[in-house]
Amino acid sequence: MIGLSTKIEEIPKVGVAYAKKLKKFGIKTVQDLLFYFPARYDDFSEIISIKEAHQRLGQTVCVQGQITEIENTNTFKKFMSLTEATIQDRDGEIKVIWFNQPYLAKSLKEVDFVCLAGKISLYKEGIYLNNPAYERINEIGENEELTHTGRIVPVYAETRGVTSRWLRYVIKPLLYRFCDQIQESLPEEIIKKYKFLPIQEAVWQLHFPDSFEHADAAKSRFSFEELFLIQLNVLKKKIKLMIKKAPACKMDADLMKKFTDSLPFQLTDSQKKCAFAILKDLEKSVPMSRLLEGDVGSGKTVVAAMCALNVVKCGHQVAFMAPTEILAKQHFKTVSELLKNFDVKVGMMTGKDARICRGGETFEVSKKSFKGDLEFDQIDIAIGTHSLIQKGVEFSKLGLVILDEQHRFGVEQRDHLIKNKKLVPHLLSMTATPIPRTLALTVYGDLDLCLIDEMPKNRKKVKTIIVEPSQRKEAYEFIKKEVSDGKGVFVIHPKIESNASKLKEILEKSGPINGSFIPQNYAPMSLSSLAINEVKALKEEYEKLSKEVFPDLRITMLHGKMKPAEKERIMLDFKKGEIDILLSTSVVEVGVDVPRATIMMIEGAERFGLSQLHQFRGRVGRSDMQSYCFLFTTDPSMLNRKRLKALVECNNGFELAEKDLEIRGPGSLYGTVQSGIPDMAMQGLSNIFLVEKTRAAAKEILEKDPELKNYPQLKERLKQFQSRIHFE
Ligand code: ADP
Ligand code: MG
């Protein structure tokens, strides 16, 4: 029997060939097809007389009439065919021209009645209807059962060989046949409370709306539903964790005071607030899941070290994971230094080596002995890359896991640490990626959030300047002067400059990102295939800078293809002042603290997202010296100007993230592009009220019924949904 779960190739109109094409959209079953919603609509709902149409030059109109003649003519240009026709109604007639649809003269005949929707244009001697959408009707005045004209017409995202017209032609009869088999997935109480359209009607109205109000109502129902599913997903995860036990680590206030007194600076109020919130969480026997957000340079590491110290003194171990070896080493140094007077054994393990710091002295040890020490509780704080959670690494008393820039670690890796443990460690995740509230409440919704929203007092605001091509010389002179004062300069070079056509090709293949072709750090392209070009382009820039622009300065390149040890050596040389200008690509890890660097120069600034530019900028201004960020751009388009100006005016990563959201839409949000978040939810992500509503609704349901036993349809939808999305 044919039903919602029938495979589409079994639908006669679809067949194997079309089924293959539809699979590209993830459409496999009748149900999938019914849930393939249009991207937008054409409004052909007003049908006017042909006489009236003559008055509407330049407008898109819909008319009905009888064909009085129709024929194909070949144009002077052979590659184009024309179909010309004339139609008439009671008191007027009009010429119609179609391009490259020669089959029309066969399928539409003289005496046929048609409904046509298209633009009234001027051609040679007269007015005509230009390439209209068409549909045969029985008589003039018929407007009940129209599909492609005479109504609000759905327009779908198309692929080669699957047109919107074809989709309408297939979907409409399927709707008639199967729509009433679609089961309601939202709980009845929610439908009632928010006055949503029931699912069957909403599906109809999304495809073939009676009015734009109906389409909107249907859309908001599905926006709600998809966000609601995201919420259920993260909240369920949270509940699952809540029933586990974690080691309760009582806050030692005296110790914490001793620690803060030992610092060469005063903690900011924000740092204190966040540290307190985390320490309070650690006191509970419920596993903490916290996200500590703070702009680059806001001082998250000290807060983490402080909490780690408290956990260690309660008799537990801490794993501190960094996304790269360079950062792991930096953290190892920082944390050992911060805790040197507190009798804490800090260790570090990266891909190759392992070190231990005791009483201020660092020893190299074998990885084997490091692992042994971990297992027998001889290391209190283990810092490292993902090698810390590989097989064969066992902590004896793991109490807290700290993840720096966690979204680079896969979710499974995090779960790996938690697996098979009687006691689940607390989790503190730190990020400088600004997460707008809507995302924090959805994608990151299983984490509690705290925010360091203030910079250490000694910092000067980085001066950000958009450098016009004519000012380039001036900027170079300024750089020379700064270097002669002993300061360091970063130059960021966009991924591939010399091979713009290749980039374009790759981006076009991967489709527009949110309607534009601005490459992002998260652009869905294969970085490895670009790495070669990237290095080549970087070398070209290096030649230019070192030979022509700054022949007297010490310039060094840094890129993703280098070995970690080499990168580390370069970073250290730069830090020590043995390199004046560090030229690097954007993919290279630049989380290293270089207080002497005061200039961040970014080439092709228009190619980066605001948040990413802000991250680059955060590499300078890490001391009390005045720092500068130069944005070089060759693209004067308004959109880019607007974005770069936002960066000049605003120094706050969170505001910038919200601005990116406003200017470029939800597609610009970190991690959403590849997360598989459905369109409707994406649109909903820019609406904080909707997000909050869905969160409250999900909470309410789960509190009553954590397993969703009484909501089998919802449970099923959630299961399907979970297999589709994948967050980091
Ligand atoms: P991020 O939040 O980017 O990880 P870090 O923790 O690396 O920032 O801190 C950046 C720098 O600021 C470090 O050198 C750190 O010692 C310093 N720092 C942290 N907190 C303060 C403070 N309250 N006052 C002055 N300097 C601070
Ligand atoms: Mg950091």
### Message
Distance alone, cut at 3.5 Å: any donor-acceptor contact between the side chains of Gln31 and Ser5?
### Response
no

### Task
Measure from NZ or CZ of Lys13 to the centre of the six-membered ring of Tyr169 and say whether it is under 6.0 Å with the direction within 45° of the ring axis.
yes

### Task
Using a cut-off of 6.0 Å, state whether more than 12 heavy atoms not belonging to Lys193 lie near its atom NZ.
no

### Message
If the threshold is 4.0 Å, N to carboxylate O, is there a salt bridge linking Lys238 and Asp448?
### Response
yes

### Query
So does Lys28 pair up with Glu9, basic N to acidic O under 4.0 Å?
no

### Query
With side chains defined as the heavy atoms from C-beta onward, is the minimum distance between Val111 and Gln66 less than 4.5 Å?
yes

### Message
Any heavy-atom pair between the side chains of Ile701 and Glu189 that's under 4.5 Å?
### Response
yes

### Test item: Tyr41 and Val155 side chains (from C-beta on) under 4.5 Å apart, heavy atoms
no

### Task
Could you tell me whether the side chains of Asp210 and Gln205 share a donor-acceptor contact shorter than 3.5 Å?
yes

### Message
What I want to check is whether the side chains of Thr60 and Lys119 have a donor and an acceptor closer together than 3.5 Å.
### Response
no

### Query
Just checking, any donor-acceptor pair under 3.5 angstrom between side chains of His207 and Tyr156?
yes

### Message
So for atom NZ, which belongs to Lys20, do other residues, nucleotides or ligands contribute more than 12 heavy atoms lying within a distance under 6.0 Å?
### Response
no

### Query
What is the minimum heavy-atom distance between Leu167 and Val162, and which atoms define it?
CG-CG1, 3.8 Å

### Pair Val61-Leu129, side chain to side chain contact (heavy atoms under 4.5 Å, CB included): steps then yes or no
CA-CA 9 Å; Val61 301; Leu129 194 52; 4.2 Å; yes

### Closest heavy-atom pair and its distance - Leu116, Pro132
CB-CB, 4.0 Å

#### Entry: Shortest non-hydrogen separation from Glu110 to Ile70 and the atoms involved
OE2-N, 3.6 Å

### Task
May I ask you to decide if Tyr134's main-chain N or O and Arg165's side chain share a donor-acceptor pair within less than 3.5 Å?
yes

### Summary
Between Ala133 and Phe44, the two heavy atoms sitting closest are CB-CE1, 4.4 Å

### Query
Hey, does Thr29 have a side-chain heavy atom less than 4.5 Å from the side chain of Leu4?
no

### Task
Locate the shortest heavy-atom distance separating Thr147 from Phe208; write the atom from each residue and the value.
CG2-CE2, 3.8 Å

### Task
To the nearest 0.5 Å, tell me how far Ser185 OG sits from Ile191 CD1.
7.5 Å

### Message
Cation-pi check for Phe228 against Arg695: NZ or CZ below 6.0 Å from the six-membered ring centre and within 45 degrees of the axis, yes or no?
### Response
no

### Message
Between Arg151 and Ser211 (side chain of the first, backbone of the second, donor and acceptor by atom type, cut-off under 3.5 Å), is there such a pair?
### Response
no

### Task
Using atom types as modelled and distance alone, determine if a side-chain donor or acceptor of Asp705 lies under 3.5 Å from a backbone N or O of Asn710.
yes

### Query
Do Leu82 and Ile97 have side-chain heavy atoms sitting under 4.5 Å apart?
yes

### Query
If you count the non-hydrogen atoms of other residues, nucleotides and ligands that lie under 6.0 Å from NZ in Lys109, is the total more than 12?
yes

### Message
Tell me whether Glu135 contacts the main-chain N or O of His148 through its side chain, where contact means a donor paired with an acceptor under 3.5 Å.
### Response
yes

### Query
Is any side-chain heavy atom of Asn138 less than 4.5 Å from a side-chain heavy atom of Phe113?
no

### Task
Check the pair Tyr194, Leu186 against side chain to side chain contact (heavy atoms under 4.5 Å, CB included), reporting the backbone distance first and the verdict last.
CA-CA 11 Å; Tyr194 297 104; Leu186 279 179; over 6 Å; no

### Message
Pairing donors with acceptors under 3.5 angstrom, does anything connect the side chains of Gln101 and Tyr103?
### Response
yes

### Query
Side-chain contact, heavy-atom cut-off 4.5 Å: Gln64 with Thr149?
no

### Task
Please report the closest heavy-atom contact between Gln200 and Ile182, naming both atoms and the distance.
NE2-O, 2.9 Å

### Electrostatic pair Glu703-Lys699, nearest N-O below 4.0 angstrom
no

### Task
Return yes if some donor-acceptor pair links the side-chain N/O of Asp89 with the main-chain N/O of Ile50 below 3.5 Å, else return no.
yes

### Query
Can we say Glu184 and Arg221 salt-bridge, meaning some charged N sits less than 4.0 Å from an Asp/Glu carboxylate O?
yes

### Query
Between Tyr18 and Ile8, is there a donor-acceptor pair closer than 3.5 Å when you use the side chain of the first and the backbone of the second?
no

### Query
With a 6.0 Å cut-off on ring centres, are Phe224 and Phe222 close enough?
no

### Message
Quick check: do Ser81 and Phe99 have side-chain heavy atoms less than 4.5 Å from each other?
### Response
no

